[in-house]
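Reviewing the structure listed below.
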Number of protein chains: 4
Amino acid sequence: MPSAKTKTAAPRRNKHYEKRLASILKAASKIIARDGFEGASVRKVAAEAKINLSNIYYYFKCKDEMLFELQKHAFTTLKNTLEERLIKVETPEARLKAVIENHFQFFSTNMNDLKVCSYEIGSLGGTYYKQILKIRQEYYKLVKDVVAENKTKSKRTDLNLATLYLFGSLNWIYMWYDPKKNSDIGKLSNQLLKIYLNGIKIS
Amino acid sequence: MPSAKTKTAAPRRNKHYEKRLASILKAASKIIARDGFEGASVRKVAAEAKINLSNIYYYFKCKDEMLFELQKHAFTTLKNTLEERLIKVETPEARLKAVIENHFQFFSTNMNDLKVCSYEIGSLGGTYYKQILKIRQEYYKLVKDVVAENKTKSKRTDLNLATLYLFGSLNWIYMWYDPKKNSDIGKLSNQLLKIYLNGIKIS
Amino acid sequence: MPSAKTKTAAPRRNKHYEKRLASILKAASKIIARDGFEGASVRKVAAEAKINLSNIYYYFKCKDEMLFELQKHAFTTLKNTLEERLIKVETPEARLKAVIENHFQFFSTNMNDLKVCSYEIGSLGGTYYKQILKIRQEYYKLVKDVVAENKTKSKRTDLNLATLYLFGSLNWIYMWYDPKKNSDIGKLSNQLLKIYLNGIKIS
Amino acid sequence: MPSAKTKTAAPRRNKHYEKRLASILKAASKIIARDGFEGASVRKVAAEAKINLSNIYYYFKCKDEMLFELQKHAFTTLKNTLEERLIKVETPEARLKAVIENHFQFFSTNMNDLKVCSYEIGSLGGTYYKQILKIRQEYYKLVKDVVAENKTKSKRTDLNLATLYLFGSLNWIYMWYDPKKNSDIGKLSNQLLKIYLNGIKIS
DNA sequence: TATGAATGAGACTTCATTCAT
DNA sequence: TATGAATGAAGTCTCATTCAT
């Protein structure tokens, strides 16, 4: 049984609290994506969120915690929405498409978070890092299993390698994704699915 | 006969100059890869290179120039060695393998530079950025042409997308590459070549 | 009735703010007069004002702004007090004496500011410079008009030259003024007035 | 008898020495006038003089010495040329005109030196300061005597005050002198002479 | 909850000067 | 004479964070 303390201990928060917290996180995401974690000063985040500098420390113990919450939220969402999607489909190919589309969907509408999550993984230390690592590993496991379902066993390719290969491709999108040109996420996902499953060459 | 002037114009430097410059660049590469560009203070680089802090400014006009030289060297090397390799092979598949192996070879022995080159692309401003962009585009063009040779035209996949997809996979290696486990670059390249050409699934 | 907003818009500051700001400005004036603007380090000013070094940057955006505020205050005061004096007197000679005495009065009790205002005019750049220039020009115009009232038209001397000539004499006082010896500002002003009006030679 | 050492001890200098020394001094004058003594780095001076940074220290022991030589040369020239002029004329008025024209002549063609000599008087310390002070006082005495010849004794104006008043006017010219507009130094000198002698008002 | 003010550490960079050749 | 390289001190400014109200 999880300790009840978690809930009870939470400070009584007024109706604005959640809204402001979210607004700070959004600002942080934007600034960190633009300037990197080190380059993103708490001052800039405060300015972007239109909140007083000191007041940020009411919502976060320190700067690191901001990044932590950002990554935690992103990876948790990613994992949860993927789980929901996977329940609904059965064939290996459809499931793989779900993986790709889910990742794409989330990050194409949260491009800042993509950067924050792939760039700034090493910026977190100690406990924060470990907690994030755990969620990332759960998400990784989920994806790896779907890759396994699709991969022809006889092929002499390492399963981990194949999975990481997929992640690489998916995470690289911030380098080229343009919401105006690539508005159709479904179509984009299909193309990547095809390449990943069958390669770029007719065999 | 090329004008002798071109060579003479370079400032006369003593015998230690090149060695120190290289040593600073190596130190910078290590620190920037570890801490990010913003997180890498010139102090830390100086300490790593065992050189006096202010003396660094004899070799570089500013911190940005350090990153610039790092990226310039990496992308130029990448491009030059690829060109040399491509001259020697003819079949599309062999050429694509050359692309993959070249990229892999370089970055597996210069893992720090890989980070510095993929993480810190946005950390450069103004003229520096433009110069790097140009070299990167030349390298990109080289790779794209080889992808085009391999890609079955009838397939409805965008050429740029396919190329970027490849880059994503290749650049993600710093997330998992372990020189102890993945010592055989040739084998690794072959695996990725297979996936990229034929997909993970027998069709 | 002026919009209340104008006043309300000013940031709310605590009771110590104005006092500290003034104390920093006074310290800055002293140090800059002694060491010149370039020679006056922010550290020295902070030490003189007995304030923490970085805290200075809470009161000023940058070192330039310090000089700007100093000059702005001096020239504005100079201009305002002169305007007040001029209202009260009518004859040209009395008005000219007001000009001289006003300039003298202010700078003899603010010798540091005199240096800061005549030495360091070129130390300001961009917007700061333009703002100061405007006030200085207004002050100059005021003085020039009084000179014009006094100057015999038939004399073939350029009005601007005559005015600048006066300014030169007035601003040179920091080279020799000694509050102990020249305590009687009224008398000093009278002497200069005589020279300026009638020359050093009986004609 | 002055020690012969002065001449004998002088290092043997090749034919370029004097030329380079003068070129450095000219560069220094320009840079110091523009940026102030503190703002003028030895590096900038070296660049302006197109000489190697370290090599400057062959010509000057330290930065202060550069300023010292600059001021020494200016005041000495000023004094010497004035002495030559004064020998040739006899009437008080002609002699006063010589003073004004001499000062004007020199500084209008050496505007940088004017700034360096009036701005940077306090930038010199110790022995350097004393040496310069001595020359300045000699020059001052020369001028004061000529003022005395012209000044009507009965007038209740202090002689020193009258002299300093003149210096103020003369030294202020860098604030407005424009070689294009005020090309006729003789005419300008005459105007100032008239004002100084007879005032701006017909009596 | 919110905010004005403060602070010590450390960022990048330039300085005058010297050393060795 | 000339110059490439080095160095310790100091420059301006920003940082994350805290304190007091």
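Hydrogens, waters and symmetry mates play no part in the numbers below; they use all other heavy atoms, side chains included. Each chain gets a letter, A, B and so on, in the order its sequence line appears, and its residues count up from 1.
Checking F:dG4, E:dC15, E:dA2 against the side-chain heavy atoms of A:R20 singles out E:dA2 as nearest. When the nucleotides F:dA5, F:dT12, E:dA5 are ranked by their closest atom to the side chain of B:N55, F:dA5 comes out on top. Nearest to the side chain of B:Y59, among E:dC15, F:dA5, F:dA16, sits F:dA5. Taking the side chain of B:Y57 as heavy atoms from C-beta on, and the options E:dA5, E:dT14, F:dT12, the nearest nucleotide is E:dT14.
In this structure, C:K19 atom NZ and E:dA5 atom C1' are separated by 15 Å, rounded to whole Å. Taking atom CG of D:L67 as the reference point, atom P of E:dA16 lies 13 Å away to the nearest angstrom. When rounded to the nearest whole Å, the span between OH of A:Y17 and P of E:dA2 equals 11 Å. Atom CG in C:N14 sits about 13 Å away from atom C1' in F:dC19, given to the nearest Å. In this structure, the CG atom of B:D35 is 14 Å from the C1' atom of E:dA11, given to the nearest Å. In this structure, C:M66 atom CE and F:dT12 atom C1' are separated by 11 Å, rounded to whole Å. In this entry the distance linking CG of B:D64 with P of E:dA11 reads 16 Å, nearest Å. Taking atom CG on D:L53 and atom P on F:dA6, their separation rounds to 15 Å, with Å as the unit.
Residue order along DNA chain E, read from the 5' end via each residue's closest nucleotide, puts B:K61 first among B:K61 and D:C62. Comparing C:H16 and B:R43 against DNA chain E, the residue whose closest nucleotide sits nearer the 5' end is C:H16. Heavy-atom distances to DNA chain F give each of D:I51 and A:G39 a nearest nucleotide, and the one nearer the 5′ end belongs to D:I51. Both C:A40 and B:I56 sit near DNA chain F, but only B:I56 has its closest nucleotide nearer the 5' end.
Other residues, nucleotides and ligands contribute at most 12 non-hydrogen atoms within 6.0 Å of the NZ atom of A:K72. No more than 12 heavy atoms of other residues, nucleotides or ligands shown are found within 6.0 angstrom of NZ on B:K26.
The shortest distance between the side-chain N/O atoms of A:N52 and the OP1/OP2 oxygens of E:dG4 is below 4.0 Å. For the OP1/OP2 pair of E:dA6 and a distance below 4.0 Å, the side-chain nitrogens and oxygens of C:Y58 include no atom meeting the criterion.
Ring-centre distance between C:Y119 and C:Y174: below the 6.0 Å cut-off. The aromatic ring centroids of C:Y17 and C:Y59 lie less than 6.0 Å from each other.
Remark: the C:S54 side chain and the E:dG8 base include a donor-acceptor N/O pair separated by less than 3.5 Å.
Across every strand in view, E:dT21 sits in a pair with F:dA2 that passes the Watson-Crick or G-U test at under 3.5 angstrom.
Taking the centre and axis of the six-membered ring of D:F68, the NZ or CZ atom of D:K63 falls outside the cone set by 45° and 6.0 Å.
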